[in-house]
Engineer: 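Please see the structure below; I have some questions.
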There are 2 protein chains.
Amino acid sequence: MRLTTKGRYAVTAMLDLAFHSQIKPVTLTEIATRQTISLSYLEQLFARLRRAGMVKGVRGPGGGYTLSQKTNEINIADIIAAVDEPIDSTKCGGEANCQKHQACLTHDLWVGLSEQIKDYLKSITLADLLEKHHVQEVAKRQDQNTQHIIELTRHTG
Amino acid sequence: MRLTTKGRYAVTAMLDLAFHSQIKPVTLTEIATRQTISLSYLEQLFARLRRAGMVKGVRGPGGGYTLSQKTNEINIADIIAAVDEPIDSTKCGGEANCQKHQACLTHDLWVGLSEQIKDYLKSITLADLLEKHHVQEVAKRQDQNTQHIIELTRHTG
DNA sequence: TACTTAACCAAGTGTAATAGTCAACTATTG
DNA sequence: CAATAGTTGACTATTACACTTGGTTAAGTA
């Protein structure tokens, strides 16, 4: 799981889409203008999002893009994964050229952390963010000292 | 908060350091060899980590690097922040050129998410990861499909 | 004091991803 | 048919990444 500007653009655009596509499709031109992202770059991002089945394109006048799922069914991790290149964070690629035991140990730790982040982002949907915005203002005032209990499911190979 | 290979290298190297610098300083050459990272690249990363006050360099024979804090005082977010370039994720830079209200709304949402991720990574320390590894080995043997409940104390600034 | 070690430092390089452009094509609407 | 807007591909500039080279400085050791 990588977090780059590209992923941020994608999430931002999807949020914009979630906001505005309630009634009719939203054109990329609108999103590009609102979010100050290059239209052609957006086209590339949405090509991937479409292939991932997250948005639907409607051609012709009055067309544009709509979400192909509900906002509470689209999570952040999937959006980012859709636009990012897949990457093997291990370098040793599992076991092949990895002779050093100590090296794999720290690799394991990172992969574990990476999975945690992924799971975390998977648990956050567009709906959460949209809803959260209202709550945020309240929470900002409360400014309380919480303890996070994070539940992690381990994927066994 | 960005998540790139650079940050991964930094975290990996710090984990390696945490493992091996218990008794004596660890040379970058050792880490470079173990983690198959270029020595000079490591030097650059550690220059930043040193400036951030996370590691101490010891010159001369028998020298190397040690952690300047305890493993439970060093969190992942700080490591990543130390090596990454600072980036303004807003593009509107607060308020200056941001005329569009709708744009800032989604920006807010992203910034909020970004803060969440940061807080999350702030709550995970090197000690957590090292400790987790022991648990992992046990879990691996048991080979059961368990659900880990990991309780992380959030450090408030 | 000379030598070795290893941190420290600066400048440069190749590569790949990012961010964006340009141009064409297809489907839909009116 | 014309306008709209998605779809696609190729191409370019910029940048960060990952790494290299070639040093200097400080601290031990012979």
Side-chain angles (χ1 to χ4, degrees), chain A residues 2-13 17 20-21 24-33 35-68 80-89 91, chain B residues 2-13 17 20-21 24-33 35-68 80-89 91:
Chain A
R2 241 166 58 235
L3 275 188
T4 66
T5 336
K6 199 174 190 174
R8 191 177 75 228
Y9 276 166
V11 173
T12 304
L17 191 58
H20 298 91
S21 68
K24 62 180 181 67
V26 176
T27 67
L28 291 189
T29 311
E30 291 176 54
I31 299 179
T33 310
Q35 306 300 333
T36 52
I37 305 173
S38 141
L39 172 62
S40 308
Y41 194 42
L42 266 184
E43 283 173 355
Q44 286 173 43
L45 296 181
F46 272 76
R48 285 165 181 265
L49 291 170
R50 190 174 47 80
R51 271 178 235 131
M54 315 186 83
V55 296
K56 254 181 264 181
V58 182
R59 292 179 164 193
Y65 277 97
T66 53
L67 298 177
S68 51
I80 292 173
V83 297
D84 268 345
E85 315 285 322
I87 211 160
D88 56 339
S89 61
K91 182 177 262 187
Chain B
R2 245 169 52 237
L3 274 189
T4 66
T5 335
K6 199 175 191 173
R8 191 177 74 226
Y9 274 167
V11 173
T12 304
L17 191 56
H20 298 92
S21 68
K24 61 181 181 72
V26 176
T27 68
L28 291 188
T29 309
E30 292 176 53
I31 300 179
T33 309
Q35 306 300 333
T36 49
I37 306 173
S38 139
L39 172 62
S40 309
Y41 193 43
L42 265 185
E43 283 176 354
Q44 288 172 43
L45 296 181
F46 271 76
R48 285 165 181 266
L49 292 170
R50 191 171 45 82
R51 273 179 234 131
M54 315 187 82
V55 295
K56 255 181 265 182
V58 181
R59 291 181 162 191
Y65 278 97
T66 53
L67 299 177
S68 51
I80 292 173
V83 298
D84 268 345
E85 315 284 323
I87 211 159
D88 55 338
S89 61
K91 183 176 263 189

Engineer: Does A:Thr5 put a side-chain nitrogen or oxygen below 4.0 Å from OP1 or OP2 of C:dA19?
Structural biologist: yes

Engineer: Between the side chain of B:Ser21 and the main-chain N/O of B:Val26, is any donor-acceptor distance below 3.5 Å?
Structural biologist: no

Engineer: In whole angstrom, give the distance that lies between atom CD1 of B:Ile31 and atom P of C:dA6.
Structural biologist: 13 Å

Engineer: From the list D:dT7, D:dA18, C:dA7, which nucleotide is the closest neighbour of the side chain of B:Leu28?
Structural biologist: C:dA7

Engineer: Provide, to the nearest angstrom, the distance between the CG atom belonging to B:Leu17 and the P atom belonging to C:dA7.
Structural biologist: 11 Å

Engineer: What's the closest nucleotide to the B:Arg50 side chain, out of C:dA7, D:dT4, C:dC9?
Structural biologist: C:dC9

Engineer: One pair to check against side-chain contact (heavy atoms from CB on, under 4.5 Å): A:Arg2 and A:Ile80. What are the steps and the verdict?
Structural biologist: CA-CA 8 Å; A:Arg2 241 166 58 235; A:Ile80 292 173; 5.9 Å; no

Engineer: State whether B:Arg2 places a side-chain N or O below 4.0 Å from either non-bridging phosphate oxygen (OP1 or OP2) of D:dC17.
Structural biologist: yes

Engineer: Within less than 4.0 Å of OP1 or OP2 of C:dC8, is there a side-chain N or O belonging to B:Tyr65?
Structural biologist: yes

Engineer: Using atom CG of B:Leu39 as one end and atom P of D:dA18 as the other, report the distance to the nearest whole Å.
Structural biologist: 16 Å

Engineer: So, is B:Tyr41 near the phosphate of D:dA18, with a side-chain N or O under 4.0 Å from OP1 or OP2?
Structural biologist: yes

Engineer: Output the single nucleotide from C:dT18, D:dA18, C:dT21 whose closest atom is nearest the side chain of A:Lys6.
Structural biologist: C:dT18

Engineer: Counting distance only, does the side-chain N/O of B:Ser68 pair as donor-acceptor with the main-chain N or O of B:Lys56 below 3.5 Å?
Structural biologist: no

Engineer: How many Å lie between OH on A:Tyr9 and P on C:dA17, as a whole number?
Structural biologist: 18 Å

Engineer: First locate atom CG of B:Leu28, then atom OG1 of B:Thr33, and finally report the distance between them rounded to the nearest 0.5 Å.
Structural biologist: 10.5 Å

Engineer: Could you give the CD-to-C1' distance, from B:Gln44 to D:dA18, as a whole number of Å?
Structural biologist: 8 Å

Engineer: Nearest nucleotide by nearest heavy atom, which residue falls closer to the 5' end of DNA chain C, B:Arg59 or A:Asp84?
Structural biologist: B:Arg59

Engineer: Side chain of A:Ser40: nearest nucleotide among C:dA19, C:dT21, D:dC17?
Structural biologist: C:dT21

Engineer: Should the pair B:Phe46 and B:Tyr65 be assigned to parallel (<30°), tilted (30 to 60°) or perpendicular (>60°) ring geometry?
Structural biologist: tilted

Engineer: To the nearest angstrom, how far is A:Glu43 atom CD from D:dA10 atom P?
Structural biologist: 16 Å

Engineer: Looking only at side-chain atoms of A:Thr27, point me to the closest of C:dG20, D:dA5, D:dA18.
Structural biologist: D:dA5

Engineer: Tell me the interatomic distance from A:Phe46, atom CZ, to D:dA5, atom P, rounded to whole angstroms.
Structural biologist: 15 Å

Engineer: Nearest of C:dC9, C:dT21, D:dC19 to any side-chain atom of A:Ser38?
Structural biologist: C:dT21

Engineer: To the nearest Å, how far apart are A:Gln35 CD and C:dG20 P?
Structural biologist: 13 Å

